[in-house]
Amino acid sequence: MLNNTFIIPLLPLFAFIVIVFFTRWKEKLSAGISISMTAIGWVLSIITMIQVVTHQGEHAVRIEQAFDIINFTGFRLELGTLLDPLTAVMLIVVTTVALMVQIYSLGYMHGDPRFSRYYAYLSLFTFSMLGLVVANNFFEIFIFWELVGLTSYLLIGFWFEKKSASDAGKKAFITTKVGDLGFLLGLLIMGMTLGTFNYGEVFGLVEAGAISGGLLTLMAIGIFCGAVGKSAQFPLHVWLPDAMEGPTPVSALIHAATMVAAGVFLVARCMTIFIASPEAAMTVAWIGLITAFMAASIALVQNDIKRVLAYSTLSQLGYMIMALGLAGFTAGTFHLMTHAFFKALLFLGAGSVIHAVHTNNIQEMGGLSSKMKTTAMTFIIASLSISGIFPLSGFWSKDEIIASAHNHPFFMVIALLVAFMTAFYMFRLCFLTFFGAPRDQEKYDHAHESPKSMTMPLVFLAVLSVCAGWVGIPWLKHGFSSVVYHGHPHHVEANILLMIISSLVAVSGIALAYLMYYKKSISAEAMGRRFQPIYKLLYNKYYIDEIYDAVIIQPIYWTARSLWRFDAGIIDGLVNLHATVTIWLSKVKYWIDVYIVDGIVNGLGLVTGAASSVLRLIQSGRLAHYLLVILFGLIVIGFLASSNLLNWAFLEVGIH
């Protein structure tokens, strides 16, 4: 597989083509083709990772295959694949979550009228993400980057008959395009200054100082803008919570391991560029920190189960971005891997709950653990993992992120605070959903465990949530860091004290949630009233959507309306005036033409006709008549002539 990585993305593309053109009327066959192609890709990804690990020697495996599509006057564009440890890790992450989501969707989407279309979209999305992962140059990654944006739009707005889903799809598409504009600017700078988009060539030229500091920073920040959009970092984070309007399996696929992970993957891939530009790297770290804190604080007070998980995703992505900005290459990519598994489990678990009680509001749930034992158990395992409880996966990756900030005390303190909030809101969610007395008896009575097609992926992901992080145990000689490390600052020494502190912080968050929402020894309502301004600020998401609406959206609407009024009142008015004058002139011309020009012509015709009618009366065709007329004429002429002669004679006599 080392030389045939391109096969893995082509498998879901094949499934998409077959479903669209041949099996879209056969739902089971469409699902079977999509799942089987993804399963084959998953097996091949595991084989690829095994071969990468076994072939890894003193230097990391790096196999590149490409062909030129443009090679002119020193500028090259190519299409190709790159297999290195980072690619191998991402192949496993994407195919694993995609496979679990597709199996889970058999039960969740059963009976949907667009079932085959749903699986076609999933296959196309998986192809897009895998193509992005294996690309060997920035030009190619941008193509798949935009294709991921398109397919996410199709999946988020899958139930487009709902206005909220339609609006969410448009919001996600447009917001991410703002970040993509910055990404494109960075690529234009890269192409103009370096003359190539190939990863290896670009990184080599950057390390050699072929691009100046200012342009390098601008290029790096431009590339990061793409990550800000796709990974929903502040200030372009607003699309992700609304994207929960799509089917819940889509949320697990897009918001756990694939689309939102694309931005983190891009920053990790470009670590050489960010290391060469400390200003850009610190920008990355600060954006990650702000996003992590802001999203975690908002999640504290949300009541929609999927929105809590959406803001949790934002916060964890901020963690990863912060670590990468602080040169923690392994920390960021390690948490990307573990987070994909336990967050996919959380979203699928939430989908199982919604499927059972038909509501997203956790205030209408409660006591579901007795009726949904598998869902409850796996959801709690994922919650423990994301909270960073030893020895689950999240413990190892979260601690490495916190340790990556050991030279930046402020970052470390905020990271620990985010860890506390994460543990609190996750177990607030667990206690309100699965424990205590039912708060809506009717919904509780109708609750039931999901079918095996939905619970089996939950169990599999729960196992990964427990043990996937063990590959990154810091004392493991050939662990995660030794596989993915290829020249970047990557791994910090294990800090036992920091592990203890972070564990105590996580346990404290769980304990506070237990006291407030299980034992109820601390009144959540009283706390809300006491800190009402803060609660209101968090519940309304810092009013960022409202600020955007007032500062950006409404001015655009006002400008559009003003331009419409100008167009309708002035431009269209002038056009209509010109048309009115033209019509009036044409009527005047018509009157002149009809009554004057045609009148003269018709008058002449009438006179000629009348004269001819009179003349025709004297045209009898008989010779006798003509001789008589001639004789009469001669008499008249003679009479006139004689009269004139007499007058002349009289005049002559009178003169003499």
Side-chain angles (χ1 to χ4, degrees), residues 6-45 94-133 143-170 172-173 243-259 344 347-348 351 354-355 450-454 456-457:
F6 65 91
I7 295 175
I8 299 175
L10 294 180
L11 293 170
L13 177 62
F14 172 77
F16 169 75
I17 294 172
V18 171
I19 293 171
V20 168
F21 290 103
F22 302 106
T23 68
R24 62 182 181 272
W25 297 284
K26 301 175 182 178
E27 295 183 351
K28 291 184 179 179
L29 184 57
S30 297
I33 292 171
S34 180
I35 292 172
S36 60
M37 290 298 102
T38 305
I40 294 171
W42 178 64
V43 172
L44 295 179
S45 298
V94 174
T95 55
T96 300
V97 176
L99 179 60
M100 293 301 104
V101 165
Q102 292 195 15
I103 295 173
Y104 178 94
S105 297
L106 287 172
Y108 192 88
M109 298 298 291
H110 178 71
D112 192 282
R114 294 188 291 272
F115 187 85
S116 291
R117 180 187 296 187
Y118 173 79
Y119 272 93
Y121 287 168
L122 287 183
S123 297
L124 182 61
F125 184 91
T126 305
F127 159 70
S128 306
M129 190 63 201
L130 291 173
L132 185 152
V133 167
I143 294 174
F144 285 106
W145 193 268
E146 295 304 310
L147 191 55
V148 165
L150 170 63
T151 49
S152 65
Y153 164 76
L154 295 174
L155 286 168
I156 292 169
F158 183 75
W159 289 323
F160 54 82
E161 61 274 10
K162 290 169 53 182
K163 187 177 186 304
S164 56
S166 176
D167 290 345
K170 289 183 285 188
F173 188 81
M244 297 300 110
E245 292 293 336
T248 300
V250 169
S251 300
L253 183 66
I254 292 178
H255 307 135
T258 51
M259 178 175 172
F347 271 113
L348 295 182
I354 295 168
H355 187 263
S450 300
K452 286 188 177 181
S453 62
M454 295 172 66
M456 288 174 59

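These figures come from a predicted structure and were not determined experimentally.
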- Yes or no on side-chain contact (heavy atoms from CB on, under 4.5 Å) for T248 and L348, after CA distance, side-chain angles and deciding distance? CA-CA 7 Å; T248 300; L348 295 182; 5.5 Å; no
- Kindly indicate whether the side chain of I254, heavy atoms from C-beta on, has any atom under 4.5 Å from the side chain of I156. yes
- Task: Please examine the side chains of L132 and W145, heavy atoms only from C-beta on, and report whether any two atoms are closer than 4.5 Å.
- Result: yes
- Message: We want to know whether S116 and W25 form a side-chain donor-acceptor pair, criterion being a heavy-atom distance below 3.5 angstrom.
- Response: no
- Give the minimum heavy-atom separation between L147 and S128, together with the two atoms involved. CG-OG, 3.1 Å
- Query: Where do F160 and R114 land on the side-chain contact (heavy atoms from CB on, under 4.5 Å) test, with the steps shown first?
  - Reply: CA-CA 11 Å; F160 54 82; R114 294 188 291 272; 3.7 Å; yes
- Message: Given F127, which partner from the list L13, I8, L11 fulfils the side chain to side chain contact (heavy atoms under 4.5 Å, CB included) test?
- Response: L13
- Item | Sub-4.5 Å side-chain heavy-atom contact between D112 and Y118 | no
- Task: Evaluate whether atom NZ of K28 has more than 12 neighbouring non-hydrogen atoms of other residues, nucleotides or ligands under 6.0 angstrom away.
- Result: no
- Item | Heavy-atom pair of closest approach, residues S105 and L122 | OG-CD1, 4.3 Å
- Message: I want to check something: taking the side chain as every heavy atom from C-beta on, are L106 and Y119 in contact at a cut-off of under 4.5 Å?
- Response: yes
- Is it true that K163 and E245 make a salt bridge, defined as a side-chain N closer than 4.0 Å to a carboxylate O? no
- Value for CE (M454) from NE2 (H110), rounded to nearest 0.5 Å, stands at 12.0 Å
- Task: Report yes if the side chains of T126 and Q102 come closer than 4.5 Å at any heavy-atom pair, otherwise no.
- Result: yes
- Query: What is the distance from atom OG of S166 to atom CH2 of W159, rounded to the nearest 0.5 Å?
  - Reply: 14.5 Å
- Message: Within the 4.5 Å heavy-atom criterion, are P247 and M109 side-chain neighbours or not?
- Response: yes
- Pair S453-Y104, side-chain donor/acceptor within less than 3.5 Å: no
- Message: So which atom in S123 and which in A15 form the shortest heavy-atom distance, rounded to 0.1 Å?
- Response: OG-CB, 3.7 Å
- Do F144 and E146 touch side chain to side chain, with heavy atoms closer than 4.5 Å? no
- Query: Should we say atom CZ of F158 is surrounded by more than 12 heavy atoms from elsewhere, each under 6.0 Å from it?
  - Reply: yes
- Task: Could you tell me the separation between the OH atom of Y121 and the CD1 atom of I19, rounded to the nearest 0.5 Å?
- Result: 12.0 Å
- Message: Would you compute the distance between atom CD1 of I354 and atom CE of M244 and round it to the nearest 0.5 angstrom?
- Response: 10.0 Å
- Task: With rounding to the nearest 0.5 Å, note down the distance linking CE in M37 to CG in L10.
- Result: 11.5 Å
- Is the shortest heavy-atom distance from the side chain of L130 to the side chain of P12 under 4.5 Å? yes
- Heavy-atom closest contact (V97 atom, A344 atom, distance): CG1-CB, 3.9 Å
- Task: Look at the side chain of S34 and the backbone N and O of S30, then say whether any donor-acceptor pair between them is shorter than 3.5 Å.
- Result: no
- Rounded to the nearest 0.5 angstrom, the CZ-CD1 distance for F21 and I17 is 7.0 Å
- Message: Looking at every non-hydrogen atom in both residues, tell me the closest pair between Y153 and G169 and how far apart they are.
- Response: CD1-O, 3.2 Å
